[in-house]
Protein chains: 2
Amino acid sequence: MQSELASIILFHRKHSGLTQQELSELAGVGKNMVYELENGKKSVRLDNLLKVMQVLNIELDFQSPLRETFLKEYSDAKC
Amino acid sequence: MQSELASIILFHRKHSGLTQQELSELAGVGKNMVYELENGKKSVRLDNLLKVMQVLNIELDFQSPLRETFLKEYSDAKC
DNA sequence: CTCATATACCCTTTAAAGAGGGTAAATATA
DNA sequence: TATATTTACCCTCTTTAAAGGGTATATGAG
């Protein structure tokens, strides 16, 4: 616990009814990684975090003063 | 490039006028880490990513169907 | 076109994340 | 209360992210 990220993960996992081990297997990461994530470890790998969040149906996005400008240019760049 | 995260970082760094090296020094990470981040590497450490984003004034948040429920309970838990 | 700067990548070393196995303690369930 | 399950940590081994240095190429300013 202690960090907001940890609380978010724990909260969503509890709501999903999964155990740490089940979540880790679905996400394809080690059981210890899920445990550490829920206990405030920040030095986890981003790709592993994203795998866990995907299973829990959580998605990340960003906020910044440049957000709107970025999104406009970014969607243009893709077309 | 190639990933959205990479584009976000690059976009914000360019707007800040910083070089990769300056950004890396301000963030307290290696220059190669910034380079790799901007080139789509996903296996970076979360804490390092957050340091870089902090310098660029970008913040992360999450979206999920449980978001509102979580935020309500989370803010209660802190008081 | 020149010269300076930034970026793209190479290499090596080191620290630590991650995986998986184990077990005591905590928690839930019958 | 007894029992099953889950969580909290321990340990070891392997893998790899990260740092820092180096250099060729690309980019930009004068």
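In what follows, every chain begins at residue 1, and chains take the letters A, B, ... in the order their sequences are listed.
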Summarise how protein sits on nucleotides 17-30 of chain C as a single string, 5' to 3': B when a protein heavy atom is under 4.0 Å from the base, S for sugar-phosphate-only contact, - for no contact. SSSBBB--------
Taking CD from B:Glu25 and P from D:dA19, how many angstroms apart are they, rounded to a whole number? 12 Å
Rounding to an integer number of Å, can you tell me how far B:Leu10 CG sits from C:dA8 C1'? 13 Å
Heavy atoms within less than 4.0 Å of DNA chain C: which residues of residues 14-22 of chain A have one? Give them sorted by number. none
In whole angstrom, give the distance that lies between atom CG of B:Leu23 and atom C1' of C:dA8. 16 Å
State the CG-CG distance between A:Leu23 and A:Leu37, to the nearest 0.5 angstrom. 8.5 Å
Over all heavy atoms of both residues, which pair between A:Gly40 and A:Ser3 is shortest? Give the atoms and the distance, please. CA-OG, 4.0 Å
How long is the span from the CG atom in A:Leu46 to the CG atom in B:Asn48, to the nearest 0.5 Å? 11.0 Å
Output the distance between atom OG (A:Ser7) and atom CZ (B:Phe70), rounded to the nearest 0.5 Å. 5.0 Å
Can you tell me which residue pairs pass the salt bridge (charged side-chain N to carboxylate O under 4.0 Å, His left out) test with a partner in residues 58-71 of chain B, sequence neighbours excluded? B:Asp61-B:Arg67
The correct list of stems in which DNA chain D takes part (3 or more consecutive Watson-Crick or G-U pairs, distances under 3.5 Å) is C:1-30 with D:1-30
Tightest non-hydrogen contact, residues B:Val29 and B:Met33, listed as CG2-SD, 4.0 Å
What pairs meet the salt bridge (charged side-chain N to carboxylate O under 4.0 Å, His left out) rule with one or both residues in residues 46-56 of chain A, with sequence neighbours excluded? A:Arg45-A:Asp47
Quick one: B:Lys42 NZ to D:dA17 P, roughly how many Å, whole number? 14 Å
Return the CG to CG distance between A:Leu49 and A:Leu60, rounded to the nearest 0.5 Å. 6.0 Å
Check this for me: B:Gln54, atom CD, are more than 12 non-hydrogen atoms of other residues, nucleotides or ligands nearer than 6.0 Å? no
Show me the donor-acceptor pairs within less than 3.5 Å that the side chains of residues 8-16 of chain B make with the rest of the protein, sequence neighbours left out.
residue: B:His12; atom: ND1; partner: B:Ile8; partner atom: O; Å: 2.8
residue: B:His12; atom: NE2; partner: A:Ser64; partner atom: OG; Å: 2.6
residue: B:Arg13; atom: NE; partner: B:Glu38; partner atom: OE2; Å: 2.5
residue: B:Arg13; atom: NH1; partner: B:Leu18; partner atom: O; Å: 2.9
residue: B:Arg13; atom: NH2; partner: B:Glu38; partner atom: OE1; Å: 3.1
residue: B:Ser16; atom: OG; partner: B:Arg13; partner atom: O; Å: 2.6
residue: B:Ser16; atom: OG; partner: B:Leu18; partner atom: N; Å: 3.2

